[in-house]
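Values in this document were obtained by computation on a predicted structure and should not be read as measured data.
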Amino acid sequence: MKRKKYSLMSNICFLLREVFREHKGAFLSFPAMIVVFLIQNIILVMIPSRAVYVIENRLTAADFVIQVGSIILLYTVFRDLLILAEKRYSNAATMARCYTFIVKLLEKSLMTDYCNRESNAFQKQNGLGVHAIAGNTQGVERVIQELPVAIRNFLGLLLFGGAIAAVDIRILFVLFFMLVCNVLANRYARNYLEAHREEDTELWRKSDMLRRRSADVVCGKDIRMYQMEKWFGRMLQSWLDCGVKWQKRLEKRFYLPTMSDTVFLALRDGLAYVLLIHKALQGSISLAEFTLFLGVTASFSDWMFAFVESVMNIQKANQEVCDYREVLDKEDSFRHGDGIKVPPEVLAEPPEIELRDVSFRYEEEGEEILSHISLTIRAGEKIALVGGNGEGKTTLVKLLCGFYHPVSGEILVNGINIEEYDIEEYFRLVGVVFQDVEALPFRIVNLVSGKEKRETDMPRFWQAVERAGLKEKIVSLVKKEDTYITNLLDEDGLRLSGGETQKLMLARCIYKNAPFLILDEPTSALDPLAESAMYGEYDRMTENKTSIFISHRLASTRFCDRILFLEHGRIIEEGTHEQLLRDGGRYAWIYEIQSHYYTEHDREGNRQGMEASYES
C-alpha cells in the first residue's frame with residue numbers, strides 16, 4: 001500500500017476543523033487557555049517578589065494584605081478561569097474523538113470497497129488507524145490536547161526569555177543550550193520509538209485481540225470443552241510479556257533525556273543563583289527583583305522542558321494521525337455515485353450474466369484462483385455451481401457480487417460491464433445468502449429489511465419470514481419482530497441456532513427481492529426436513545429471477561436448469577443433472593460416492609462426508 005504524506009500543519013488544521021465544527025465552545029476555549037495561562041503565570045511569579053518588596057520596604061501589615069492578597073485573589077480568579085477553559089476544551093477533544101473521529105473510521109470501514117476491507121494491507125493499516133483513536137493519549141486526541149500546551153509554552157518562552165535577557169543574557173544562553181541538548185536526547189529516544197512503531201502497534205493489536213477472545217462467549221465453549229484455558233492463558237501472557245519487554249527497551253532510551261534534564265537543572269539553578277546574587281550584592285537589582293527574576297528563570301526552564309515534551313508528543317501523535325487519515329483517504333476502485341444507474345424496470349426483470357475470459361488472484365503474485373472462465377447465464381436461468389473446497393466457488397460469488405475486480409476479462413450484466421455501474425446501484429440487482437453468516441446484534445425486523453422498523457414494509461417482512469420458515473418462531477417471542485439477536489444490546493436477546501440463522505438470512509434475501517440471486521451453501525446447517533422445504537422455497541423464490549445455487553451436495557442440484565462443475569479454478573463439466581450422469585465424468589463419480597454415503601450411513605447426511613467425497 002502506497003503511503004501518503006501529511007504535514008503536521010495539515011493534520012492540525014484537519015483535527016481542529018472537526019473539533020470546532022462539532023463543538024463551538026472549543027473555538028473560544030482554545031485561545032482562552034493560552035491567554036489565561038500566560039496571565040496566571042505572570043501573576044504567580046509576582047506573588048513572592050511582591051511579598052519581599054513589602055518586607056524590604058517595611059510596609060504595614062495592611063499594605064501586605066492589600067498588595068499580596070489582591071494579587072493572590074487575582075491569581076485565583078485566573079486559575080479558575082484556566083481550569084474551566086481546560087475542562088471545556090478537554091471535554092470537546094474527547095467528545096470529538098468518540099463521536100466524530102471514531103465514527104468517521106467506522107463509516108470508512110463500512111463503506112469502502114470490500115476488496116479494500118478484506119485485504120491484509122488494509123486490515124493492517126486500519127489497525128494503525130484504530131490505534132490512533134484508541135484513547136486520550138493516542139494520536140488524534142493527543143495532538144488536539146497538546147497543541148494549546150505547546151503554543152502557550154512557546155509564547156511563555158518568548159515573554160520570559162526577553163525578561164531574562166534583560167537581566168543577564170548568559171542565563172538565556174545556558175537555558176537554550178539545555179533546550180538543544182534536551183531536544184537531541186529526546187529525538188534519539190523518539191527515533192527508536194518511530195523505527196519500532198509498527199512492532200508496538202502489532203503487539204497492542206494481537207494482545208488486545210486475545211484479551212477480547214478470552215471474554216468471547218463463542219470462543220468460551222471451545223476453550224472449556226477442549227481444556228484450552230492454560231494454553232490460551234500462556235499465549236495471552238506471552239504477548240503481554242512481549243509488550244513488557246518492549247516497554248523496558250523503550251524506557252532505556254528515555255533514560256538519557258531524563259538524566260540530561262536533571263544535570264542541566266542543577267546547572268541552571270547554580271548559574272542563576274550566582275549571577276543574580278552577584279547583581280543583588282552589587283545593588284544592580286533589589287531583593288524583590290532578585291526574587292522575581294529567580295521565579296522567571298525557573299518558570300522559563302519549566303516551560304522550555306514542557307514545550308519540548310509537547311512538541312515531541314505532537315510529533316509522535318502526528319504520525320498516528322497520518323495513519324488515521326491514510327485509512328480515511330484510501331481510494332475506492334469501484335464507481336460510487338457517478339456510474340450507471342439501475343432503473344426500476346430493470347429490477348423487475350431477471351438479468352443476463354456473462355463472464356468473458358475471467359481470471360482472478362487475490363495477490364498480484366499469488367496463486368490464480370479462477371482461470372479463464374467464460375460463461376453465459378441466460379435471463380431467468382437457474383444455475384448450480386458445485387465443486388470441492390478451495391476450487392473458486394466463493395471467489396466467483398465475490399466477483400459476481402461486485403466485491404472484487406477480475407485480474408483479467410470482464411463480467412457483464414445485461415450487456416454492461418459491472419465496472420461501469422454505480423456500485424451501490426449494482427448491489428440493488430443482487431440478493432445473496434452467504435455461506436459464512438453471522439447475524440448482527442440488532443432487532444429481527446432490522447436484520448430482515450436492512451432498515452428501521454418505521455421504514456420497513458411490514459406485510460412484506462412477514463411474508464419473507466414465513467417463506468423462510470421462521471414466522472412461527474418469531475410470533476412465539478415476547479417482543480416478536482422487535483427481539484434482538486444475542487444479548488449484546490438487550491439482556492432479553494435471542495441466540496439463534498445455525499439453522500435458524502440461515503433461515504433469517506434467507507428471509508432477508510426474500511425481502512430484498514433482487515432479480516439476481518446467489519445462495520452459497522444456504523442449507524448447510526439445516527436438518528433434512530428443513531433442507532427439503534428450503535429447496536422447495538428456493539424453487540419458488542427463483543421464479544422470474546436469474547439464480548446461482550452453490551452446494552457440496554450434488555443431489556440438491558436436480559431442480560436447476562444447468563450444473564457447472566468447478567475444479568482448479570476452471571469449469572470442467574457443464575450440463576443438466578441427467579446429462580452429467582450419462583457422461584460418466586467427475587460429477588457422476590462424486591455423485592455416486594455421495595449417494596452411497598447417504599445410503600450406507602445415517603439418513604441425516606453429513607456435510608463433512610459430502611466435502612470429503614471431492615477429495616476421494
Side-chain angles (χ1 to χ4, degrees), residues 25-92 145-169 171-172 174-176 178-179 261 265 268-269 271-273 275-277 279-280 284-311:
F27 185 76
L28 298 176
S29 300
F30 185 86
M33 289 171 58
I34 298 170
V35 174
V36 173
F37 176 83
L38 292 173
I39 295 174
Q40 174 202 292
N41 278 272
I42 292 173
I43 296 172
L44 182 63
V45 298
M46 289 176 62
I47 294 174
S49 65
R50 204 62 196 169
V52 172
Y53 173 82
V54 172
I55 296 170
E56 185 180 21
N57 290 275
R58 300 180 181 279
L59 300 181
T60 65
D63 292 328
F64 180 87
V65 171
I66 292 172
Q67 293 197 33
V68 177
S70 60
I71 296 176
I72 293 175
L73 179 62
L74 192 61
Y75 168 78
T76 303
V77 171
F78 277 93
R79 185 192 63 180
D80 291 342
L81 289 174
L82 178 62
I83 292 173
L84 179 62
E86 287 179 337
K87 186 174 181 179
R88 288 189 173 182
Y89 183 78
S90 179
N91 287 341
Q145 298 276 22
E146 291 284 353
L147 183 61
V149 176
I151 293 174
R152 70 192 188 187
N153 285 329
F154 176 73
L155 294 177
L157 292 177
L158 294 180
L159 180 64
F160 280 25
I164 293 172
V167 178
D168 196 313
I169 200 168
I171 299 176
L172 197 60
V174 170
L175 291 174
F176 275 113
M178 291 168 56
L179 176 64
D261 290 351
L265 280 175
R268 178 208 71 182
D269 290 343
L271 180 64
Y273 273 103
L275 293 175
L276 291 175
I277 289 173
K279 287 183 176 294
S284 301
I285 58 174
S286 65
L287 289 178
E289 290 172 329
F290 170 84
T291 306
L292 175 64
F293 286 121
L294 199 60
V296 168
T297 302
S299 295
F300 182 91
S301 181
D302 291 341
W303 290 1
M304 183 180 67
F305 288 122
F307 172 71
V308 172
E309 183 179 6
S310 295
V311 170

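- Distance check, rounded to the nearest 0.5 Å: CG of L44 to CD1 of I39 gives 13.5 Å.
- Here the shortest heavy-atom pairing between L38 and R152 reads CD2-O, 3.6 Å.
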Next on the checklist: Could you go through D80 and L84, starting from their C-alpha distance and side-chain angles, then the distance that decides it, and tell me whether this counts as side-chain contact (heavy atoms from CB on, under 4.5 Å)?
Outcome noted: CA-CA 6 Å; D80 291 342; L84 179 62; over 6 Å; no
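- Applying the side-chain contact (heavy atoms from CB on, under 4.5 Å) rule to L28 yields no partners; only residues at least two apart in sequence or on another chain are considered.
- With rounding to the nearest 0.5 Å, the separation of CG in N41 from CG in L82 is 8.5 Å.
- For the atom pair E86 CD and R79 CZ, the distance stands at 11.5 Å (nearest 0.5 Å).
- Taking CD1 of I151 as the reference point, atom CZ of F37 lies at 12.5 Å (rounded to 0.5 Å).
- Residues V311 and F154 are not in side-chain contact: their nearest non-hydrogen atoms beyond the backbone lie 4.5 Å or more apart.
- Summarising the geometry of Y75 relative to Q40, their closest heavy-atom pair is CE1-CG, 3.2 Å, with the distance given to 0.1 Å.
- Going from atom CD1 of I43 over to atom OG of S70 covers 10.0 Å, rounded to the nearest 0.5 Å.
- Closest heavy-atom contact between A85 and S29: O-CB, 3.7 Å.
- The minimum heavy-atom distance linking P148 with Y89 is given by the pair CG-CE2, 3.7 Å.
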